A.B. asks: 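Shown below is the structure under consideration.
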Number of protein chains: 2
Amino acid sequence: MDMAEKPYHHGDLRAALLAAAEKELTEKGVEGFSLRSVAKRAGVSHAAPAHHFGDTGGLLTTLAAEGFTQFQNTLDAREIGATDPREKAVRAGLGYLEFAVARPALFRLIFSSARPDFASADLIAAANRAYDHLVELVTTLGGGETDVIALWATSHGLADLSAGNKMRTLQGKSRDAREALIRAVLMRSLPKDAG
Amino acid sequence: MDMAEKPYHHGDLRAALLAAAEKELTEKGVEGFSLRSVAKRAGVSHAAPAHHFGDTGGLLTTLAAEGFTQFQNTLDAREIGATDPREKAVRAGLGYLEFAVARPALFRLIFSSARPDFASADLIAAANRAYDHLVELVTTLGGGETDVIALWATSHGLADLSAGNKMRTLQGKSRDAREALIRAVLMRSLPKDAG
DNA sequence: ACCTTATCTTGACAGTGTCAGGATTATGCG
DNA sequence: CGCATAATCCTGACACTGTCAAGATAAGGT
């Protein structure tokens with residue numbers, strides 16, 4: 001009967017708290033996020049998270065940094081198998097949107113929240129990786145700064161509006177029709193063909 | 001000595017609460033918004049807002065509906081004086097961005113928050129007005145659904161990223177250079193010229 | 001063995017949203 | 001005008017939140 005009698009030391013509470021925090025975030029959203037609730041999920045006292053993350057902002061900052069990496073991974077996964085650089089850029093945009101729709105709370109935490117500390121080194125590093133990748137995509141197409149901004153703004157606009165269910169004209173369509181439409185929009189934000 | 005001895009009945013508490021709520025919003029943001037703090041600003045008891053707005057969500061819903069109208073007014077003001085329909089559309093996009101940068105908290109409340117009740121009739125009406133205007137702008141240019149989505153997504157992406165200080169490449173520029181860049185990006189999302 | 005350190009708990013405090021009930025004033029009706 | 005009714009606002013309470021201080025427990029190094 002000595003099975004997991006809740007030892008005083010958790011073992012890997014930090015990871016457990018992060019996992020619990022992500023659940024809390026997806027269920028309650030950024031605005032309903034509660035640190036005490038996260039502690040309950042992890043089966044630990046309400047003040048336990050403080051030791052690992054300082055305060056709520058610290059936890060959300062770590063979560064945002066991790067989320068940013070997962071965000072970039074989603075884009076990378078979409079690009080795999082695309083040889084044409086234009087197709088690669090379009091797929092990156094599709095991945096941007098996919099992440100926003102699949103995990104809107106995490107997306108909002110990263111791009112539209114004031115709770116994480118965006119001066120954090122980890123968060124800055126993760127954000128820079130994503131931005132550098134975007135720049136590389138566009139420069140490969142022979143594009144410049146204007147093109148970077150165009151592709152980013154279009155992708156982000158589509159993603160944010162979709163994450164918030166604001167663009168209902170997109171949801172009344174089949175998956176294929178929707179993707180075709182989005183592809184057409186993304187194409188327009190790409191650099192003019194050098195052909 | 002009878003000068004404004006705080007009468008029991010405020011007179012127009014509803015309007016005063018809305019004004020206080022907007023201040024609270026701009027100072028604390030959506031995530032730091034406190035109903036009791038709003039009541040204090042208006043010099044009234046902590047439960048006074050409930051009678052006029054029900055709960056916090058009700059107040060934020062009314063604020064969002066008003067904000068949406070102000071948002072549309074900003075776009076309209078920018079369009080005044082433009083004869084060319086393409087220039088009109090571009091100016092609408094510039095107004096979109098202007099509003100987001102000038103009043104980021106209100107912008108976030110409208111587009112990126114889960115706290116207002118977006119099933120509210122007033123809020124839906126205000127949102128539809130803005131959307132209809134966008135559609136009109138685009139159809140005047142001979143554009144269709146794809147063009148509507150393109151212009152909206154681009155404008156919204158620029159606006160949201162600017163409101164959150166995410167696009168730092170834009171801020172390192174002079175006002176004129178920035179506007180030129182944004183104009184170029186917006187142009188690209190417009191329907192192909194019929195010429 | 002023992003001291004130090006990391007980890008986690010308990011308890012407290014101020015602040016929050018919301019509900020119930022009471023106080024005060026305006027309003028309509030006789 | 002007088003009064004019942006309704007609208008408006010306040011007080012007090014409850015559960016919940018984040019954060020701090022102080023203590024309990026366990027791990028690790030010397």
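Predicted, not measured: the structure shown is a model, and the values here were computed from it. Convention: sequence-line order gives letters A, B, ...; per-chain numbering from 1.
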A.B. asks: So which nucleotide from D:dA13, C:dT9, D:dT17 ends up closest to the side chain of A:Val44?
C.D. replies: C:dT9

A.B. asks: Where do B:Leu123 and B:Pro116 come nearest, in terms of heavy atoms and distance?
C.D. replies: CD2-CB, 4.2 Å

A.B. asks: Return the value, rounded to whole Å, for the distance between atom CZ of B:Phe33 and atom P of C:dG15.
C.D. replies: 18 Å

A.B. asks: Nearest whole angstrom, please: distance from the C1' of D:dG18 to the CD of A:Glu31.
C.D. replies: 18 Å

A.B. asks: Would you classify B:His46 as touching base, sugar-phosphate or nothing, given that sugar-phosphate means primed atoms plus P, OP1 and OP2, and contacts are heavy atoms under 4.0 Å?
C.D. replies: base

A.B. asks: Using the ring of each side chain (for Trp, its six-membered ring), is B:Phe111 parallel, tilted or perpendicular to B:Phe107, with breaks at 30° and 60°?
C.D. replies: tilted

A.B. asks: Choosing from D:dT8, C:dT18, C:dT16, which nucleotide comes nearest the side chain of B:Lys40?
C.D. replies: C:dT16

A.B. asks: Whole angstroms only, please: what is the CG-P distance between B:Asp55 and C:dT16?
C.D. replies: 17 Å

A.B. asks: To the nearest 0.5 Å, tell me how far A:His46 NE2 sits from A:Lys40 NZ.
C.D. replies: 10.5 Å

A.B. asks: Hey, is the side chain of A:Thr56 poking within less than 4.0 Å of OP1 or OP2 on D:dT17, counting only N and O atoms?
C.D. replies: no

A.B. asks: In whole Å, I'd like the distance from the CG atom of A:Leu35 to the C1' atom of C:dG15.
C.D. replies: 16 Å

A.B. asks: For C:dG15, does the base pair up with any side-chain atom of B:Arg36 as donor and acceptor (N or O, under 3.5 Å, distance only)?
C.D. replies: no

A.B. asks: Check whether the side chain of A:Arg14 and the base of C:dT7 form a donor-acceptor pair under 3.5 Å.
C.D. replies: no

A.B. asks: Do A:Lys166's NZ or CZ and the ring of B:Tyr131 fall within the cation-pi criteria of under 6.0 Å and 45°?
C.D. replies: no

A.B. asks: Of all residues at least two apart in sequence or in a different chain, which pass the salt bridge (Lys or Arg N to Asp or Glu O under 4.0 Å) check with B:Glu79?
C.D. replies: none

A.B. asks: To the nearest angstrom, how far is B:Lys28 atom NZ from C:dT16 atom C1'?
C.D. replies: 11 Å

A.B. asks: Distance check needed: C:dT16 C1' versus B:Glu24 CD, whole Å only.
C.D. replies: 12 Å

A.B. asks: If every non-hydrogen atom of B:Leu170 is compared with every non-hydrogen atom of B:Ser162, which pair is closest and at what distance?
C.D. replies: CD1-OG, 4.1 Å

A.B. asks: If you compare every side-chain N and O of A:His51 against the phosphate oxygens of C:dC8 (OP1, OP2), does one of them come in below 4.0 Å?
C.D. replies: no

A.B. asks: Counting only non-hydrogen atoms, which of residues 57-65 of chain A are less than 4.0 Å from DNA chain D?
C.D. replies: none

A.B. asks: Nearest nucleotide by nearest heavy atom, which residue falls closer to the 5' end of DNA chain D, A:Ala47 or A:Ser37?
C.D. replies: A:Ser37

A.B. asks: Are the side chain of B:Arg129 and the backbone of B:Gln72 linked by a donor-acceptor contact shorter than 3.5 Å?
C.D. replies: no

A.B. asks: Using a cut-off of less than 4.0 Å, is there contact between a side-chain N or O of B:Ser34 and OP1 or OP2 of C:dG15?
C.D. replies: no

A.B. asks: Determine the contact category for A:Ala48: base if any of its heavy atoms lies under 4.0 Å from a base atom, sugar-phosphate if only primed atoms, P, OP1 or OP2 are that close, otherwise nothing.
C.D. replies: base

A.B. asks: B:Asp160 side chain to B:Gly157 main-chain N or O, any donor-acceptor pair under 3.5 Å?
C.D. replies: no

A.B. asks: When you check the phosphate oxygens OP1 and OP2 of D:dT11, does a side-chain N or O of B:Ser45 lie under 4.0 Å from one of them?
C.D. replies: no

A.B. asks: Between C:dT7, D:dG18, D:dA13, which one does the side chain of A:His52 approach most closely?
C.D. replies: C:dT7

